[in-house]
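I have placed the structure first, in the form of structure tokens, so that the comments after it can refer back to it.
Keep in mind that the numbers below use all heavy atoms, side chains included, and drop hydrogens, waters and symmetry copies.
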Amino acid sequence: MIRLEKLRFSYAADFTLEIERLELEQGTKAAITGSSGCGKTTFIKLLAGILKPDSGKIFLDDLELTTYSESELQDLRIVKAGLVFQEFELLDYLTVLDNVTLPLRINPVLKYRKESQHRAKELLNSVGLGEKYRRYPNKLSQGERQRVAICRALIATPGILLCDEPTANLDARNRDIILQIIFDYCEAENATLVMVTHDREILNSFDREIDLQQFNSSQTKTSYE
Amino acid sequence: MNNSMYLAWNYLKYHWGKTLLLVFAISMVIFIPLVLNLFANKGAERMMSRAVTTPLLAGSKGSATELTLSTLYFREPGIPPLEFREIKALENEGLARAIPLNLEYKVKEQPIVGTTTAYFDFRNAGFASGRPMAVIGECVLGASAAIKLNANTGDAVISSPAGAFDVAGSFPLKMKVTGVLKPLNTADDEAVFTDLKTAWVISGKAHGHDELTTATADSLLLSRSDSIAIASKAVLSYTEITPENINSFHFHGDPDHYPVNAIIAIPKDKKSELMLRGRYENEVQNVQIVVPEKVVDELLETVVSVKEILTLAAISIGAATLVITLLVFSLSIRLRKKEIQTLKYIGAAKGSITGILSLEIVLVFALSTLLTLFYLLAINGIGLPLLEQLIQ
């Protein structure tokens, strides 16, 4: 469950994001839409605890993010949320398998064990990359890289999946594959999905659309001062 | 492997070209001062050990350093030779044994050391094969000289002319190799030892040729009187001393005036040494007696100063390299900003990114140190014998 209360975030003197109240039940699949610059990525970062709001509260389940320190937020994020970026952000010097297990190696809250490799290989198998786990990212296609990035986001079995335009750089076929993987995971784990997208063709697949610019989402308001 | 270490290692492994370059550069910075120090110490040790085992040296008045170095390492003498009679004079003092050394000639690049068989005993030189020279025209090769001249006991070597523009100045004498010394790891390994008289034959002070006193030799004479026969250019000197012609070899002039470049004086005891030194310092005008240990010690003091300057220079270069290396790492971190940001975004624990980046630096320095150790081991196996050759 995600809940935002009286959230206010501003930057660069002329941008303010204000959300009076927003609640996403566990298992909801929400699409975040709006034109460029309206604060979609900012919204994802706020939910991930990467950015701190000027005021207001953000709850992930019953944990209020604004009360946590930065290092606590990092610990919390790695356990609670899986992040998928538009540019994949894979580490070029790690193999596909090591990229997927990376979250388990960079924070002691999650433990890297021998079984972790098994879990990573299972995930890679499920996205059709089971044979390519020894390759480096630069030997993969765009779609394959995004699949690896999704596996990395899912390795710790997070309850919330935050995706920032994960299909923006992909062709239609790869887009459908990626969406299917994400939706399948959310269905299987009852995970909450918050995905930024410009692609109106896929909006029907979501439970909710939150348009940050058009104010058409009941309790969301983006204003430019 | 620790997770941070694993990630750091993978980064370096993936960028192996850059890593190797950095490791190589840092290892060189560590290695060069170390090897300079090692070489300087080893060199000093070797120089000193040869000097210490040579109690006294006598030679013409002049540079004591020149006399010491040319005698210990068989280099071309930079001071004029003594006359052979000085040997007799020194021995007549009854204070020391004297071993003469004539160092003016070479077989290719190997120095010919005209001396006596006493030299072998003095240097504790054992024979790998053969025996010491017994008659003129015979020689003994040092271990390295035998390899370089590709000659062994029973073979022959030919002395080289002293200079390209003075082919008649020294005699190209074919010498029979009667023995090869065991390796001593000193300048002796490089030398061709021969009898002092053989060195004089090479110098032209003595020679052998066809009999000129018989009637059949008239065609070889420019003139003849009752007591003197003057040979023409048609008379050829022998270029090899054989049992058949050895009796025809003879000296011209008084051998007492023949050249000797240095004399190794082995005093009977400390008192004899002091007396000998006192006598030569105060009473003998044209001969100097030096203590090689003191001369080398003075020389090494200069070397030590040079070494200190070199070490200081190496440390400065090292510090500069360290700064550049840190700059390289900091620039690399700037270039990897996005990667670092990703790690933060996906939840890297506080300090883990710093840990990974620090470990990369530690690994590079550890690899550099390992490479330096490898160099040092290689130097120990290959470089030191090379160094020994250089300082012999």
Checking B:Ile361 now: which residues fulfil side chain to side chain contact (heavy atoms under 4.5 Å, CB included) with it, not counting sequence neighbours? B:Phe329, B:Phe365
All inter-chain donor-acceptor pairs under 3.5 Å (chain B, chain A):
unit_1   : atom_1 : unit_2   : atom_2 : d
B:Asn3   : OD1    : A:Arg105 : NH1    : 3.0
B:Tyr6   : OH     : A:Asp98  : OD1    : 3.1
B:Tyr6   : OH     : A:Asp98  : OD2    : 2.6
B:Tyr14  : OH     : A:Asn138 : ND2    : 2.9
B:Glu339 : OE2    : A:Tyr93  : OH     : 2.6
B:Lys344 : O      : A:Arg77  : NH2    : 2.7
B:Tyr345 : O      : A:Arg77  : NE     : 2.7
B:Tyr345 : OH     : A:Lys45  : NZ     : 3.1
B:Gly347 : O      : A:Asn107 : ND2    : 2.7
B:Ala348 : O      : A:Gln74  : NE2    : 3.3
B:Ala349 : N      : A:Ile106 : O      : 2.8
B:Ser352 : OG     : A:Ile106 : O      : 3.2

Heavy atoms, side chains only, cut-off 4.5 Å: are B:Leu343 and A:Leu91 in contact? yes
Measuring heavy-atom distances to chain B, does A:Leu104 have an atom under 4.5 Å in its side chain, in its backbone, in both, or in neither? backbone
Winner by heavy-atom pair count (cut-off under 4.5 Å) against chain B, out of A:Leu102, A:Leu73, A:Leu76: A:Leu102
With sequence neighbours left out, the residues meeting side chain to side chain contact (heavy atoms under 4.5 Å, CB included) with A:Val79 are A:Val109, A:Leu110
Taking side chain as C-beta onward, heavy atoms only, is B:Ile346 less than 4.5 Å from A:Ile78? no
The criterion is side chain to side chain contact (heavy atoms under 4.5 Å, CB included); which residues satisfy it with B:Ser330, sequence neighbours excluded? B:Leu327
